Structures are given as C-alpha cells and as structure tokens.
Undergrad: 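Got a structure here, written out as structure tokens. Questions coming.
The chains referred to below are lettered A, B, ... by the order of the sequence lines, with proteins before strands, and numbering in each begins at 1. All values derive from a computational prediction rather than experimental measurement.
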Amino acid sequence: MTDHDSSAAEQAAPAIRPRVRFAPSPTGYLHVGGARTALFNWLYARKYGGQFLLRIEDTDRQRSTDESTRAIFDGLAWLGLDFDEDVVFQGSNLARHQADVETLLASGAAYRDFTPQAELERQRADAEARKVPFAFDRALADLPAEVVAQKLAAGEPHAVRFRVPEGVTEWYDAVHERIAFPNKDIEDFVILRSDRTPVYNLAVVSDDIAMRITMVMRGDDHISNTPKQILLYRALGATVPEFAHVPMIHGTDGKKLSKRHGATAVGDYQHLGLLPSTMLNFLALLGWSPGDDTEVMRMETLLEKFSLDGLQKKAAIFDPQKLDWMNGQHLSLMPLDDVMPHIYQAFERLGVASRSDLEARDEWFRGLVELLRVRARTVDDIANQSTPYFVEDVMYDADAVSKQWRDANASAEILSATRERLASLNVWDTASMEAALRTLAEELNISGGKIFQPLRVALTGLTVSIGIFDVLLYVGRDRSLARLDNAVRWLKQDIPA
RNA sequence: GGCCUCAUCGUCUAUCGGUUAGGACGCUACCCUUUCAAGGUGGAGAGACGGGUUCGAUUCCCGUUGAGGCUACCA
C-alpha cells in the first residue's frame, strides 16, 4: 500500500526529464480537445525540462489527409505549442511495426489467425441476432503448429492476434490513481491485419517505445486501450510508461463535442477573432485547475502553476460565453504590442484597412485601438467598430435614427448649433470640445446627453461608440464637420413638407 | 448487454473529516456615466439518492441512479 501512495505522490514532479508526445490522427481539423491534450503535454514537458514530440497517426490511409495534417501544424503553431525533434509519421514505421509483431510471434505472445474476416462478421451478427454477447473464441483460432505451417505454406491470408494472458492488468494513473482490468474481459485482439498493416494499439506501443516516451498523457477515451497496450509493452520487454488520462470536453448538452455544437476546431476560433493566449488559458482551465482562484493567465503563469495534481477527473463542458469573456480580458490586459499583430490581421481579413495603411499612421491607430479594446471581446469586434474612423461617409442605422433623431427638426437644430460651436474651436482637443458642448447644453438648458447622443449618430451612424469626444478626435475636424453638415441636410430632407 | 470511468451552483471550479460550502462565467439589482463596454458593490444559485465508518461527513467505504467512454482486421 505504501508503494502505491508514494507512486501517486511522485507523479507531481517526475524523477526524470519527461518525454511526452501528442499523437493526433489527421482525419479532421485540430479539435479543441486535441489542442488541450497537446497543451497539457507541452506544459508538462516544458515545465520539467523534458521533450514534447509530435506524431501524426496516419495509418488509416482512407481517412487521413494532407490537409488535416497541415491543419494540425497550423493549429499548434497558432497556439505557440512548438515541438521538439522531427515529426514522426506513423505510416513510415511500418517495417518496425511488422518486426515487433514477428518478435511477438516468435515468443508465442501472439499467434496467426486464419479465420476469414467474413466468418468473424457472420459470427458477430449471429450473436447479436440471438442477443447473446459475442465472445472471441481462441480455441477456434489458435491452431496447432502443423496446421499453421501448412496454411502458411499455402499462402493463406491471416491476421495476427495477441495472446492475452490470464490475470489482472493494472496501473497507477496520474489522474485516476489505480485502474484495473481483469484480463478475461480483454479478448485476443488483432495486432496485424491480413494485409500486413498494424492495428492502432500495436503501432502506438511500438512507436512510443521507439520514441522513448516516459509519460502517455491523452484523453480518457483511451482508458480501455491501456491494458492492451501495457500487455504489449511487457510482451515486447519494454518499460511501461506512466499514464495520465485527462477527461473529455463536452458540448453544452453534455455530449461529446462535435460539429453540432458549432465551432470545435481551433482554426474556427482563430477566424472568429480569438487570441491564442485566450484559447490556451481557457483550454487549460477545462480539466485542470491551479488550485486557487486564478483564472486569467498568460502562458508564463500557466507554466508556473501547471501540475498533474490539478488535473480533473470529470468531463468539462465547453462554455463559449466564458471563452468570450476571457478573450475580452486578454484583449484589454495584454501589452498593446502583443495585440497589434492580431489586430492587423483582423483588419485585413475584414477588409477595413491594410496593414501598410495602418502602419503609416501608427500612433493614431494605436491610440484608437486602446480606446476600442476595452469594450471589445474579439479582435474582429475592434475591426468592425472602427469603421467610422476609416470610411468617408457613414450610414445611419435605422434604430439609431428613430431613437436619437426622433424629432428631426429639433435634432437638426441641435446638430447645427453643435457644428457651429465645434467649428469655432481653435484647437481640436477633447478638453476644448467638452467645454464648448457643455456650455452649449447649459445655454440651451438641456442635458449633455441631448447633444452627445444625436452627435454620436451623426458621426458614427450608431448609438454605441467610444467616448464622444474621442470620436470627434479620431474622425478628425474636417470629416466631423462634414458629417454634421450631412446629418443636418439629411434630417431636413427627411422632414415632410 | 459486458467492461471501464465519472458525479459540488445552469457552466468552469476551490474544499485534501469540523467552512455562514469560497471564486469565476452567465443571470440580476444598484453605483459610476454622453452611449456601449469596462470597473465597483450587492443578490439569487450547489454537495444526485440510500446505506454505512466516525464525536462529526461534500470529503472515506458500499449500493442505487444518472452521465460518458470502450466493446472492429478505426484511430
């Protein structure tokens, strides 16, 4: 028992520099669940001075695509999860996989099964029809040596199965503590198909041994594969690595996250205007907790606080609302220099302004971003909300007009007076503007808002914007006065004769 | 069906036998205020159920229920 306790305690800080890996199969995009698994592995490796390796499990030739492989690279790069050494493509390790199977065959740990696949399917269907559980029967498949030799000589196709020994297979999982499977519940699984290609469990173990992986951290949907893999490690005479099975990420309905839940690929969030630091922060908090109340964290803090102890057992539900909030936090708290590259991208992607245009008036633009980012949740929000400062003329939003320009005649008069005061200003700064307009409000015996709101519509076409004097500042004197003229003209035209 | 895993506010979580069960998102009231945000101060909101163990259980054990995963010559 004390053995077990100490092994659990040691999991927090590895005795050796860990070698971990992220092993996605390139059959879709980089899923947020996969990204989180990658993040945890990366954090663990970086925190303890180990290596983080990437292996592309492309052995399913039917479903694997180069496009998916690229999406994985792009996603990891966007998140800043860099890997060590060369990428391993599982498909190129076929020879070793086959050699490992030969080793297993030679030691008797595995045997050739000549049962036709169709026959197996028939038996399975039959069992299902009779509502009895299908159990693979080794006695029918594991033939005497002479028969095997004969069939082999005749060139009969066959699969290779692992001979599951008696007993119980257990391990101390870094997140679940002890997990045990009675071997009788594990059937002799196929490790090499009749077309001589390896099956997942064999390929994974063979590669993890070759890559000298010390800790396998992956989704807990792999828990039931683990005993099979442990059995393979042992049969191959290799050291069994440590395991950490992290919980799944579910959609808002509690089901496994899928397309139905909307955006599930990290690329989707990138295109929604999310910051990679937000994604990292948010994902880290789904299935892991620093143990205290810290929530908004940069990578530096994540690295400092990360520990296997904080890993959660329960599946977490992906909450897009909190993600949004968190992005707003990152947006306002990050150093402006770190945000700017993402801003440029959003502006170009949304066609608001080109990067060179923005860099040409760098000081002006950075000032604008400072004002905009406090009230935005995504970089796309910033780009969208900045259009009044880039276009020549604005469009009046119908709701804004009906709400703030309700009485066209009165509005036109207030706007004319406002224009006059602003035009008379010697300097175009916010203090002078405010003084002038507050004075005007007093003279007209109305509240400041009665001037500011119609003015906001005239300048932006909208009811919401940055502070009204900042709007005047960033729209600029000439454009502001021109927009006021347009507004007055528009309001007068709109008045029925 | 079998095997495995999980179970604190709607959601993410803290609690490592003794707390008015804490924080965050969201919701809500108020404050601030030229709008919208942001920010500030409050509020509503949780230990699935049943047994044990214990002076004392959210916490440890068992069962029930519920949820999820796996059950392929997919990965």
Side-chain angles (χ1 to χ4, degrees), chain A residues 23-27 57-60 62-64 90 113 115-117 120-121 124 128 131-135 157-161 173 176 179-182 184-187 189-195 197-201 203-204 219-227 245 247-248 250 252 254-256 282 285-296 309-310 312-326 328-329 332 372-377 381 385 400 403-404 434 437-438 441 447-453 455-457 460 462-469 471:
Chain A
S25 51
T27 54
E57 307 213 322
D58 55 352
T59 49
D60 186 343
Q62 307 295 315
R63 298 194 295 153
S64 300
Q90 190 160 60
D113 177 7
T115 314
Q117 215 173 316
L120 231 36
E121 280 162 19
R124 219 183 299 275
E128 197 170 333
K131 292 192 195 301
V132 295
F134 173 76
H158 61 276
V160 176
R161 282 182 189 272
D173 197 274
H176 296 276
I179 297 181
F181 284 78
K184 65 173 172 54
D185 292 327
I186 308 169
E187 65 177 31
F189 53 96
V190 171
I191 53 177
L192 194 71
R193 300 186 186 93
S194 39
D195 66 0
T197 61
V199 169
Y200 174 72
N201 284 308
V204 166
D220 68 15
D221 49 339
H222 285 286
I223 285 180
S224 38
N225 282 320
T226 308
H245 287 95
M248 306 266 79
H250 288 165
T252 329
K255 304 281 186 205
K256 193 172 177 176
F282 184 71
L285 255 22
L286 278 188
W288 172 78
S289 161
D292 54 32
D293 290 335
T294 321
E295 295 223 84
V296 180
D309 297 333
Q312 221 63 35
K313 292 178 177 173
K314 195 181 73 167
I317 289 172
F318 192 95
D319 179 6
Q321 278 190 308
K322 187 156 185 176
L323 210 213
D324 235 35
W325 164 79
M326 192 171 275
Q329 294 294 309
S332 339
L372 250 18
R373 69 165 169 163
V374 200
R375 63 200 81 216
R377 292 220 151 171
D381 285 345
Q385 287 161 14
K403 195 175 176 194
Q404 302 300 345
E434 179 156 13
L437 297 188
R438 294 240 184 242
S447 68
K450 288 277 189 288
I451 290 180
F452 306 148
Q453 286 305 92
L455 175 57
R456 194 187 311 280
V457 178
T460 66
L462 306 167
T463 53
V464 304
S465 75
I466 54 177
I468 192 65
F469 306 113
V471 172

Undergrad: Does OP1 or OP2 of C6(B) have a side-chain N or O of H176(A) closer than 4.0 Å?
TA: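 So the side chain of H176(A) is within the cut-off, an N or O lying under 4.0 Å from OP1 or OP2 of C6(B).
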Undergrad: In whole angstrom, give me the gap between the C1' atoms of C25(B) and A46(B).
TA: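 After rounding to an integer number of Å, I get 16 Å for this pair.
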Undergrad: Can you sort out the partners of S289(A) under side chain to side chain contact (heavy atoms under 4.5 Å, CB included), two or more places apart, ordered by chain and number?
TA: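 Partners of S289(A) by the side chain to side chain contact (heavy atoms under 4.5 Å, CB included) criterion, ordered by chain and then number, come out as Q312(A).
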Undergrad: So what's C70(B) paired with, Watson-Crick or G-U wobble, going by both distances under 3.5 Å?
TA: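 With both distances under 3.5 Å, C70(B) matches G2(B).
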Undergrad: Suppose we call a contact any N or O donor and acceptor under 3.5 Å apart; does that hold for the side chain of K322(A) and the base of A24(B)?
TA: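 By the distance-only test, yes, there is a pair.
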Undergrad: Write out a two-atom table: protein N or O, nucleotide N or O from nucleotides 41-47 of chain B, distance below 3.5 Å.
TA:
none

Undergrad: Under 3.5 Å between N/O atoms: give me all the protein pairs with nucleotides 14-16 of chain B, atom names plus distance.
TA:
| residue | atom | partner | partner atom | Å |
| --- | --- | --- | --- | --- |
| A14(B) | OP2 | Q312(A) | NE2 | 3.2 |

Undergrad: Provide, to the nearest angstrom, the distance between the CD1 atom belonging to I317(A) and the P atom belonging to U13(B).
TA: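 After rounding, the gap between these two atoms is 9 Å.
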Undergrad: Determine the Euclidean distance between corresponding P atoms of U28(B) and A38(B); express it in Å to zero decimal places.
TA: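 To the nearest whole Å, 13 Å.
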Undergrad: With respect to the side chain of E295(A), which nucleotide from G23(B), A72(B), G69(B) is positioned closest?
TA: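 Among G23(B), A72(B), G69(B), the one nearest the side chain of E295(A) is G23(B).
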Undergrad: Ignoring backbone atoms, establish whether R63(A) has a side-chain N or O less than 4.0 Å from OP1 or OP2 of A75(B).
TA: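 For A75(B), OP1/OP2 do not have a side-chain N/O of R63(A) under 4.0 Å.
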Undergrad: Where do T115(A) and L120(A) come nearest, in terms of heavy atoms and distance?
TA: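 Nearest heavy atoms, T115(A) then L120(A): CG2-CD1, 4.0 Å.
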Undergrad: State whether the distance check finds a donor on one side and an acceptor on the other, under 3.5 Å, for side chain S224(A) versus base C3(B).
TA: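 Between C3(B) and S224(A), which were checked side chain against base, a qualifying N/O pair under 3.5 Å is absent.
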Undergrad: Output all residues satisfying side chain to side chain contact (heavy atoms under 4.5 Å, CB included) with S224(A), sequence neighbours left out; order by chain, then residue number.
TA: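 S224(A) satisfies side chain to side chain contact (heavy atoms under 4.5 Å, CB included) with F181(A) only.
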Undergrad: Which of the following nucleotides, U13(B), U5(B), C73(B), is nearest to the side chain of K314(A)?
TA: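 Ranking U13(B), U5(B), C73(B) by closest atom to the K314(A) side chain puts U13(B) first.
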Undergrad: Which base sits across from G45(B) as a Watson-Crick or G-U pair, both distances under 3.5 Å?
TA: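 Its partner is none (no Watson-Crick or G-U wobble pair with both distances under 3.5 Å).
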Undergrad: Summarise how protein sits on nucleotides 28-38 of chain B as a single string, 5' to 3': B when a protein heavy atom is under 4.0 Å from the base, S for sugar-phosphate-only contact, - for no contact.
TA: ------BBBBS
Undergrad: Quick one: ring pair (Phe, Tyr, Trp, His ring centres under 6.0 Å) partners of F318(A), sequence neighbours excluded?
TA: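 If we apply the ring pair (Phe, Tyr, Trp, His ring centres under 6.0 Å) test to F318(A), skipping adjacent residues, the hits are Y269(A), F282(A).
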